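Report on the structure given below.
Counting begins at 1 with the first residue of the sequence. Any value given below was found using the heavy atoms of this structure, including those in side chains, with hydrogens, waters and symmetry copies removed. All values reported here derive from a predicted model rather than from experimental measurement.
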Amino acid sequence: MPLDSKAIDLTNMVERYSGEGDRLQVSTAPGSDGIVRRIEVSAVQAGTQPAWIVFAFTNDTSEQIERLIVAPHFRLSGSGVIWPDLGASRISAITASQGFPPEREENAEADVFRLTLDPGTTVTYVAELRTPNLPQIYLWEPDAYKDKVTSFTLYKGIVIGIAGLLALFLTIVFVVKGAVIFPAAAALAWAVLAYVCIDFGFWSKLVGIEGDSDRVWRAGAETVLAATLLVFLFAYLNLNRWHVRASHVTAVWLLFLCALVGLAVYDAPVAAGVARISLAAIAAAGFILVIYLSTLGSDRAIMLIPTWFLLLVWIIAAGYTVTGSLTGDLVSPALIGGLVLIVMLIGFTVMQIAFAGSGLGHGSVSDSERRALALTGSGDIVFDWDVVSDRVYASPEVEIMLGLKRGTLEGPAAGWFDVLHPFDRDRYTSCLDAVLEQRRGRISLDFRLRAVDGHYFWFHMKARPVVGADGEVIRVIGTLSDITETKTSEERLLHDAVHDNLTGLPNREIFFDRLDAALAQAQSDRDMRPTVIAIDIDRFRQVNEAFGMPGGDSVLLTIARRLTRLIKPQDTLSRLSSDEFGIILISESDSNAIIQVADALRRTLLTPVTINDREFALTGSIGIALYDPQIHRRREDMLKDATLASSHAKKFGGNRVEFFRPGMRSQQTDRLALETDLRRALERGEIKPVFQPIVRLEDRTIAGFEALLRWDHPRFGRLNPADFIPIAEETGLIIDLGIFVLERTARELAAWQRALDVTPPIFASVNVSSRQLLRHDLLNDVKAVMTRSGVHRGTLKLELTESLVMENPEYATQILQRIRELGAGLALDDFGTGHSSLAYLQRFPFDTIKIDKSFVRPDARGARPTILRSIVSLAHDLGMEVVAEGAETESDTIELYQLGCEYAQGYAFGQPISALEARKLVGAPPEEPVARAS
């Protein structure tokens, strides 16, 4: 199984077995160790005595390989003429000798199984066939197969659309023109449409075909196609006028084909075989009749010669295909497209007869009229500049849009300066001048026009010059399109990419960009001495706990507005994280002036803030890093030093200003040591998962657990996640920690579910960090864990916070949807503490909402926040279950149940417990010894 192969035809490479009964014993292919094993496979249903195929794959690469086994239900190539193979489900099941079991994927047109082959392994597969005949079996690379299906889907849609429009148009012509030739042509077109829909699998989606009924429909469609072709030939050539026997032969033949339609219900292969022979006979006899009548001077016969010749060629090609002489995936779609093309030519021939002598048939619509109609249909605005008289004409729509009087924009080209945005005038003039000078080219220009109320609309101009007989430009003509919404969306995306969503301040990216520019300027200008100020709000967590996240957001907005008033235009204020702000101070370089600015910032933070009629004062720890060209060569160095100074200020109680001193770095030794120890903690088995129970409030039974991490440090003792998770986030070790807790939790969950067979099954929740969500390997990690553990679908839940998914909602929506398809559950953690949009919340495929404990705990008056009931109702309206965090007392539990919460977790139900204690709690056997994570 090579990595670079897109598709391999296995049809002639498999070993076939029949007459083996319901059990098949085969020897496996020798692996890398040379050992040959014997395996036995039983039929899915006893007594069926199926046919079997056996094949083996070797992965001699160092990578895991995924491939698709594809067995099409129907193939026109090689289907046969007598008792043709009309398609059926080919493979019942595939059994692997080792490794991942093949997974059947839903597909209406083929049996598709996904195989996973580990590096350096040889796996033997035994496939049980539903029918003895297996016309084709392919090994596909998943993306290549997806691309193939996608490309054919577009082609199929186009062909079906053309066939449908053709049938509909010919039916309309039949209504307008009552001659018998038109219903015959329309019937042929509808028959071809039905045949195309069945062959392309669209008919099964439309009427819900199941089982062997697809064969009946296919045989019926081929029979009806032969019958309608016979009727069209009879009606078009007026055979009843040439000989009375023609009517008799046609009637008998038609009755015979109608009987075949009934036969298709009982024996579809026989009916299809006779229909194919009849279709070839009609084409051959029709060609002889057309040639014969052409020699007699029949105009209709002469007009039909090219089309019927193509039909005869099509019949010959189809014959080679069904007998197996022509093979390939493109043959069948090409034949179907050719059949639609032939019917289209027949339709054109009929149209020529129908409208002979009419104005439409002679093309009374001129090319200029067609262009005018096309322009009107596009909705674009006409722009026409008469260069000689210097007069511009624009469609009235643009003046209506801008609220201008009719004729305001008609006049000299320079007259548009009054409504053009000042920044766009030079580009507008340059484009027009360039066209006049070069006397060729195209204009593609975006500019803004001012409306009466003062705001601007964006327009896109596409125009080209018209050159006169003297070689000079006499006109510039084109169109204007309103692109205001597109430009607004682009500006919003650009703004959101470099600004904080809450405060509107520049984010960390633009902060570093401007700091880079300041440092680069400082290296060339000695008078330039940028200063970085880091501001950390003291005890901001207490604000969130007292007033909830909405109250904390209000405080941050107030602080951002106040700090903005203190800095000058050349300075930069940025929000670096939740309660940290950064300032690039360029307007001041003197130390005394910098101290005054810092003190003003400190006093501003002391100004009381009012929330919910309560007034309180905040303080801030302010760190200052002065520019030193010897140590501040990188932007990270300056911000790190300023942050270090602010941390030093916080250690001394906050509400103070500290300048960075090199001695502060030595105080970070413990943190560096902790980071070093963290890299080996997993290998040493020091980090272990603990599990906090989640209780079903209805009956107080264990519904699940949330997995948490604890670090038993050899020197510092047991550490909570808050002590080491931030370090893991910064160093990237959070990826290894995430995979570790995911695998351990899935293993424990499988043991719980085996011991506690209840409905619904017990579940477990695992938190996901931002680094994990942004990794492309997250999907593979989840799939591997789900496959190895065998837990019930939807019971291993991944918890993500609102702020995490809203960092990139479009990307998060796609990733979460694919995680959900893999069988994992999704829980929205700390709901109500972020800034998610309800519109996005409806799009995220979460099945559980976890309410933050700030909404569960009673306020100072002993009452719970009124928004709690609204959150529970909103979750239920969205079809989600609710888990309330922070339940600490019996009264909490009772009130949460009355509010409609399904689950709760908190100290009211116990502290987080070890994996062994969790197993004892659910009655699972003790854990078997396992190797430590590496």
Side-chain angles (χ1 to χ4, degrees), residues 74 76 86 155-209 213-237 250-251 253-265 268 271-272 275-276 278-280 282-283 286 304 307-308 310-311 314-315 318 332-333 335-355:
F74 173 73
L76 186 63
L86 298 178
Y155 172 77
K156 292 176 181 178
I158 294 174
V159 172
I160 291 175
I162 294 174
L165 289 176
L166 181 61
L168 184 61
F169 182 72
L170 289 176
T171 303
I172 295 173
V173 174
F174 157 59
V175 174
V176 177
K177 300 280 188 177
V180 68
I181 185 178
F182 302 114
L188 177 61
W190 284 110
V192 169
L193 176 61
Y195 180 79
V196 170
C197 291
I198 292 173
D199 194 84
F200 284 167
F202 180 78
W203 191 256
S204 60
K205 299 177 182 178
L206 189 65
V207 300
I209 296 176
S213 58
D214 183 49
R215 305 167 67 212
V216 176
W217 286 101
R218 192 180 303 277
E222 294 182 359
T223 305
V224 172
L225 179 61
T228 52
L229 184 63
L230 177 64
V231 171
F232 170 78
L233 182 66
F234 178 84
Y236 181 86
L237 295 178
T250 303
W253 202 337
L254 190 59
L255 289 174
F256 173 72
L257 292 175
C258 291
L260 279 182
V261 175
L263 178 62
V265 178
R276 293 182 178 185
S278 297
L279 187 63
I282 293 170
L304 195 60
T307 302
W308 210 266
L310 290 177
L311 176 62
W314 185 89
I315 291 293
S332 179
L335 284 175
I336 298 300
L339 180 60
V340 174
L341 176 61
I342 290 171
V343 176
M344 184 182 297
L345 293 177
I346 290 176
F348 289 159
T349 305
V350 171
M351 288 292 92
Q352 190 171 1
I353 297 174
F355 299 102

Residue pairs meeting side-chain hydrogen bond (donor to acceptor under 3.5 Å, both in side chains), one or both in residues 223-233, sequence neighbours left out, come to none
Quick one: pull up CD1 in Ile342 and CH2 in Trp314 and give me the separation to the nearest 0.5 Å. 7.0 Å
side-chain contact (heavy atoms from CB on, under 4.5 Å) partners for Leu168, two or more places apart: Ile172
Residues passing the side-chain contact (heavy atoms from CB on, under 4.5 Å) test with Ile162, sequence neighbours excluded, are Ile158, Val340, Met344
How long is the straight-line distance from CG of Leu233 back to CH2 of Trp308, given to the nearest 0.5 Å? 4.5 Å
Test item: Leu341 and Leu310 side chains (from C-beta on) under 4.5 Å apart, heavy atoms: no
Please identify each residue that fulfils side-chain hydrogen bond (donor to acceptor under 3.5 Å, both in side chains) with Trp190, with sequence neighbours left out. Thr171
Distance (rounded to the nearest 0.5 Å) between Ile315 CD1 and Leu229 CG: 7.5 Å
Ala226 and Ile282 have their tightest heavy-atom pair at O-CD1, 3.2 Å
Flag the pair Val192 / Val196 as yes when at least one side-chain heavy-atom distance between them is below 4.5 Å, and no otherwise. yes
Results of side-chain contact (heavy atoms from CB on, under 4.5 Å) for Leu255 - residues two or more places apart only: none
